[in-house]
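Each chain gets a letter, A, B and so on, in the order the sequences are listed, and its residues count up from 1.
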2 protein chains.
Amino acid sequence: MAKSQQPKAIFIMTAKQEKILKSALELFAKEGYKATSTSKVAKHAGVSEGLIFRHFTNKEGLLDAILKEGEEQAKLLFSDIVFETEPKEVLRKAFAMLENLQANKAALEFWKLQYKIKWETEKYGEHKTEPLELALASAFKKLGFANPEQEALFMLIIVDGIAMHYFLKQTFDLDAMIALLKAKYEV
Amino acid sequence: MAKSQQPKAIFIMTAKQEKILKSALELFAKEGYKATSTSKVAKHAGVSEGLIFRHFTNKEGLLDAILKEGEEQAKLLFSDIVFETEPKEVLRKAFAMLENLQANKAALEFWKLQYKIKWETEKYGEHKTEPLELALASAFKKLGFANPEQEALFMLIIVDGIAMHYFLKQTFDLDAMIALLKAKYEV
DNA sequence: TTCTATTATGTGAGTACTTACTTATTTTAT
DNA sequence: ATAAAATAAGTAAGTACTCACATAATAGAA
């Protein structure tokens with residue numbers, strides 16, 4: 001097996017390498033991983049197909065690079081919530097995060113891909129949401145909930161349900177649903 | 001285009017035809033629609049590949065047949081809830097439905113396929129859950145909720161979130177989560 | 001019943017095309 | 001001058017689907 005060059009590739013990237021990643025993210029999120037061929041990615045990125053394999057070893061390596069890059073984004077996105085100590089503020093910030101996501105096209109594409117990949121590969125990326133879950137559990141504990149860990153999990157379940165409806169249902173009113181959540185949790 | 005024979009095929013089915021449907025459901029739910037080739041389905045079902053196309057015209061026709069058969073199942077599953085008039089009993093029956101689903105392997109496979117297909121094809125099958133949503137809205141109205149339609153949608157969102165965690169997370173405790181829901185809705 | 005004509009069920013070997021991936025070669029940057 | 005970036009043209013295996021043919025079931029006439 002050839003040695004992978006991802007570790008440094010994350011930091012030093014050529015223009016074409018970035019184009020490949022961007023095209024792959026867009027196409028994987030739109031059509032799905034399996035349904036998107038490497039030749040389609042190459043055409044969309046305006047590069048030769050061989051270059052994909054030079055930079056990312058194989059199709060899976062391309063996906064891993066996208067997922068890894070997105071993980072950093074997720075950490076950044078959650079960091080504001082995770083380090084908040086005031087419990088009500090944790091919830092407020094979590095809901096605000098959902099609201100703000102709508103405007104960020106790149107982030108939306110990434111999260112949509114996350115869900116698609118989860119269903120396509122059957123591996124739930126628990127590690128990604130774990131710090132968020134802990135922060136929520138801590139907040140619910142401070143607020144006096146009977147079973148804070150379960151309440152935190154329940155909140156993540158709600159978020160996943162909302163994401164599903166948001167991404168797959170054209171008519172879904174995200175702001176209205178967040179308003180309902182705010183009322184329910186009194187924040 | 002050749003005339004389709006699905007309409008009557010739903011009622012009169014040969015043994016091999018049923019085997020194809022069963023294998024396809026199993027493989028589509030496990031590996032995904034795109035990732036499952038017709039040759040794999042044929043091998044798994046122990047029939048020639050050509051027979052699939054004789055009976056179901058094409059791969060999409062095979063999927064449609066599965067989805068259509070499952071729709072009948074869904075109607076049957078919901079009927080008990082839809083015709084219930086006592087609001088608390090509607091919620092109780094909805095939660096009971098979730099609990100009972102665990103034991104029904106065939107139904108579980110079908111619902112897992114539903115979610116996979118939703119993410120793969122980006123079409124949310126709203127029509128399937130619509131009667132359930134109406135029944136829930138009616139129940140929430142009787143219970144005096146401020147916005148019963150939105151509460152009903154919220155409940156479906158929770159169910160979808162739960163389904164996602166149940167199907168994709170190996171460690172998910174469904175019964176505990178249903179218990180939490182029962183407590184929250186006081187049923 | 002038995003023979004026969006007809007239809008429905010089923011197969012196996014093919015089709016053209018796409019797939020992920022490789023390799024030899026050229027272009028570009030240092 | 002050398003190494004990295006990029007390409008074009010491959011490859012073998014897989015894809016959905018077709019088609020000529022074989023087998024089984026069924027119905028009507030004798």
Would one find a side-chain N or O of B/Lys34 under 4.0 angstrom from OP1 or OP2 of D/dT15? no
Tell me whether the OP1 or OP2 atom of D/dG14 has a side-chain N or O from B/Lys40 closer than 4.0 Å. no
Within this structure, what is the CG-to-C1' distance between B/Leu63 and D/dA16, rounded to whole angstrom? 15 Å
Is the cationic atom of A/Lys59 (NZ for Lys, CZ for Arg) positioned less than 6.0 Å from the six-membered ring centroid of A/Tyr33 and within 45 degrees of its normal? yes
Nucleotide C/dG10, atom C1' - distance to NZ of B/Lys19 in whole Å: 13 Å
Minimum-distance nucleotide (side-chain atoms of A/Phe53 versus C/dT9, C/dT22, D/dA16): C/dT22
Which sits closer to the 5' end of DNA chain C, A/Gly50 or B/Leu51, going by the nucleotide each is nearest to? B/Leu51
With respect to the phosphate group of D/dA16, does any side-chain polar atom (N or O) of B/Ser39 fall under 4.0 Å of OP1 or OP2? no
Measure CD1/A/Ile20 against P/D/dT7 and give the value in whole Å, please. 8 Å
Please report, rounded to the nearest Å, how far the C1' atom of D/dA6 is from the CD atom of A/Glu18. 16 Å
Look at B/Ser37 and D/dG14 and indicate whether a side-chain polar atom (N or O) is within less than 4.0 Å of OP1 or OP2. no
Nearest to the side chain of A/Arg54, heavy atoms from C-beta on, is which of C/dG10, D/dA6, D/dA16? D/dA6
On a heavy-atom basis, the closest approach of B/Glu120 and A/Lys116 is O-NZ, 4.3 Å
From C-beta outward on B/Thr14, which listed nucleotide comes closest to its side chain: C/dT11, C/dA20, C/dT9? C/dT9
Which heavy atom of B/Leu67 sits nearest to which heavy atom of B/Leu113, and what is that distance? CD1-CD2, 4.2 Å
Figure out the NZ/P separation between A/Lys43 and D/dA6, and round it to whole Å. 20 Å
Looking only at side-chain N and O atoms, does A/Lys59 come under 4.0 Å of OP1 or OP2 in C/dA20? yes
Rounded distance (nearest 0.5 Å) linking atom NZ of A/Lys16 with atom CZ of A/Arg54: 13.5 Å
Identify the heavy atoms of A/Leu101 and A/Ala107 that sit nearest to each other, and give their distance. CD1-CB, 4.2 Å
Between A/Glu49 and B/Asn58, who's closer to the 5' end of DNA chain D by nearest nucleotide? A/Glu49
Look at the side chain of A/Ser48 and decide which nucleotide, out of D/dT7, D/dA16, C/dA20, has an atom nearest to it. D/dT7
To the nearest angstrom, the CD1-C1' distance between B/Ile52 and D/dC19 comes to 16 Å
In whole Å, I'd like the distance from the CE atom of A/Met13 to the P atom of D/dA4. 18 Å
For C/dG10 and B/His55 - does any side-chain N or O of the residue sit under 4.0 Å from the phosphate oxygens OP1/OP2? yes
Just how far, in rounded Å, is P of C/dC21 from CZ of A/Phe56? 14 Å
